[in-house]
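First the structure, in the form of structure tokens, and then the observations on it.
Atom set for the values below is all heavy atoms of this structure, side chains included, hydrogens, waters and symmetry mates excluded.
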Amino acid sequence: MATVPLKDELDIVIPTIRNLDFLEMWRPFFEQYHLIIVQDGDPSKTIKVPDGFDYELYNRNDINKILGPRASCISFKDSACRCFGYMVSKKKYIFTIDDDCFVAKDPSGKDINALQQHIKNLLCPSTPYFFNTLYDPFRDGADFVRGYPFSLREGVSTAVSHGLWLNIPDYDAPTQLVKPLERNTRYVDTVLAIPKGTLFPMCGMNLAFDRDLIGPAMYFGLMGDGQPIGRYDDMWAGWCCKVICDHLGLGIKTGLPYIYHSKASNPFVNLKKEYNGIFWQEEIIPFFQQMNLSKESTTVQKCYVEMAKQVNEKLGKIDPYFVKLADAMVTWIEAWDELNPPTKDSAKATNAASK
């Protein structure tokens with residue numbers, strides 16, 4: 001039997017409110033891996049998981065029991081609850097996917113093993129400091145082009161692999177409303193390293209990351225029930241992760257793999273959730289673009305706590321929500337460190353990343 005890449009080093013995290021029948025389609029690719037299912041909504045509801053999968057399932061009662069008063073930092077009635085799965089995992093790598101995402105096919109009609117491509121991306125260096133016009137120089141059949149500095153060809157460790165979607169694009173509500181029938185049918189066979197100093201909109205429905213390198217920054221914020229904003233959970237995590245990766249000398253890749261996004265969410269419901277975010281992002285994005293982290297911030301946790309302080313001071317002026325979010329960011333780090341006490345290995349990884 002073929003070896004399963006990173007079988008004992010990777011968890012698959014799935015947030016859901018429904019039975020996970022979609023896993024049947026993913027069985028050939030997921031069955032060998034451990035799943036962490038984070039059940040949102042009513043904890044008394046029973047979620048059915050197809051037979052044959054190795055999984056643990058957490059509902060709101062479990063989150064409250066494990067985190068106690070710190071459970072307030074985990075969103076309720078929003079897919080942002082998935083980050084609880086990142087916190088309780090004990091593996092080096094995480095792949096997260098939504099339950100309306102199916103196996104896509106490449107142009108030849110072959111099923112795409114999204115997880116395998118994410119693993120390739122994460123195990124391969126990134127080149128954020130100088131753009132290679134042949135895209136990913138580490139791929140078979142590609143290399144660094146003439147004029148690419150030899151001193152930068154070693155690249156840096158890849159912390160995040162951001163995958164894309166065929167069929168339903170990841171649009172905001174206003175774009176959904178004006179393009180209700182638009183579908184993405186274009187398969188682009190490319191992986192890119194996102195340049196240093198450039199932010200990007202991170203989508204959480206087809207995402208993998210190195211938990212040891214960037215895990216504590218993968219906080220999906222306060223969203224959903226009781227909050228004035230939704231659908232910005234992955235965006236927030238993406239902005240925070242990118243600034244921290246730039247500061248610590250880590251890379252983020254985007255492009256392959258594709259999944260098939262099967263279901264468009266209701267644009268009117270989405271507009272209600274996104275309404276504040278659409279205004280706020282015009283100030284949030286420049287805030288992240290101009291953010292400087294101090295030399296003392298040598299770990300992801302230190303970076304994140306420093307970031308929380310700046311969120312409180314600068315974004316708190318926009319709306320009291322950001323003061324609450326800044327507090328939640330600190331609570332998240334406290335909870336992360338409690339469940340993931342530092343080991344010698346993680347200290348080594350952090351020191352290597354900060355050099």
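Aromatic pair Tyr275/Phe279: centroids less than 6.0 angstrom apart.
Taking a cutoff of 4.0 Å between a charged side-chain nitrogen and a carboxylate oxygen, Arg231 and Glu274 qualify as a salt bridge.
His261 contributes no side-chain N or O that, together with a main-chain N or O of Leu164, makes up a donor-acceptor pair within less than 3.5 Å. For Glu313 (side chain) and Ala308 (main-chain N/O), no donor-acceptor pair under 3.5 Å exists by modelled atom type. Between the side chain of Glu306 and the main chain of Ser294, a donor-acceptor pair closer than 3.5 Å is present. With hydrogens and angles ignored, the 3.5 Å screen pairs no side-chain donor or acceptor of Asp40 with any backbone N or O of Ile17. Side-chain atoms of Thr96 come within 3.5 Å of backbone N or O of Val13 as a donor-acceptor pair. Between the side chain of Arg211 and the backbone N or O of Leu10 there is no donor-acceptor pair closer than 3.5 Å.
For residues 168-177, the side-chain hydrogen bond (donor to acceptor under 3.5 Å, both in side chains) pairs, not counting sequence neighbours, are Tyr171-Glu182, Asp172-Thr175, Gln176-Asn270. Residue pairs satisfying the ring-ring contact (aromatic ring centres under 6.0 Å, His included) criterion with at least one member in residues 38-67, sequence neighbours excluded, are listed as follows: Tyr58-Phe84. Listed by first and then second residue, the side-chain hydrogen bond (donor to acceptor under 3.5 Å, both in side chains) pairs involving residues 190-210 are Lys92-Asp210, His118-Asn206 (not counting sequence neighbours). Identified under the side-chain hydrogen bond (donor to acceptor under 3.5 Å, both in side chains) test for residues 134-147, with sequence neighbours left out: Asp136-Lys253, Arg139-Asp189.
The shortest distance between side-chain heavy atoms of Val300 and Pro216 falls below 4.5 Å. Looking only at side-chain heavy atoms (C-beta outward), Tyr129 and Pro195 stay at 4.5 Å or farther from each other. Contact of the Leu152 side chain with the Thr127 side chain is not registered, since no non-hydrogen atoms from C-beta on lie closer than 4.5 Å.
Evaluation of the ring pair (Phe, Tyr, Trp, His ring centres under 6.0 Å) rule for Phe287 yields no partner, not counting sequence neighbours. Take Phe30 and apply the ring pair (Phe, Tyr, Trp, His ring centres under 6.0 Å) test, not counting sequence neighbours, and it matches Trp26, Phe95. Partners of Tyr86 under the ring pair (Phe, Tyr, Trp, His ring centres under 6.0 Å) rule, at least two apart in sequence or in another chain, are Phe209, Phe220. The side-chain hydrogen bond (donor to acceptor under 3.5 Å, both in side chains) test applied to Asp51 returns no partner, not counting sequence neighbours. Among residues two or more places apart in sequence or in another chain, the salt bridge (Lys or Arg N to Asp or Glu O under 4.0 Å) test is passed with Asp54 by none. For Lys77, there are no side-chain hydrogen bond (donor to acceptor under 3.5 Å, both in side chains) partners at least two apart in sequence or on another chain. Among residues two or more places apart in sequence or in another chain, the salt bridge (Lys or Arg N to Asp or Glu O under 4.0 Å) test is passed with Arg183 by none. Listed by chain and residue number, nothing satisfies the ring pair (Phe, Tyr, Trp, His ring centres under 6.0 Å) test with Phe76 (two or more places apart in sequence, or in another chain).
In summary, the side chains of Asn167 and Tyr260 do present a donor paired with an acceptor at a separation below 3.5 Å, with no hydrogens or angles considered.
The residue from Ile214, Leu207, Asp11 that alone fulfils the side-chain contact (heavy atoms from CB on, under 4.5 Å) condition with Ile94 is Asp11.
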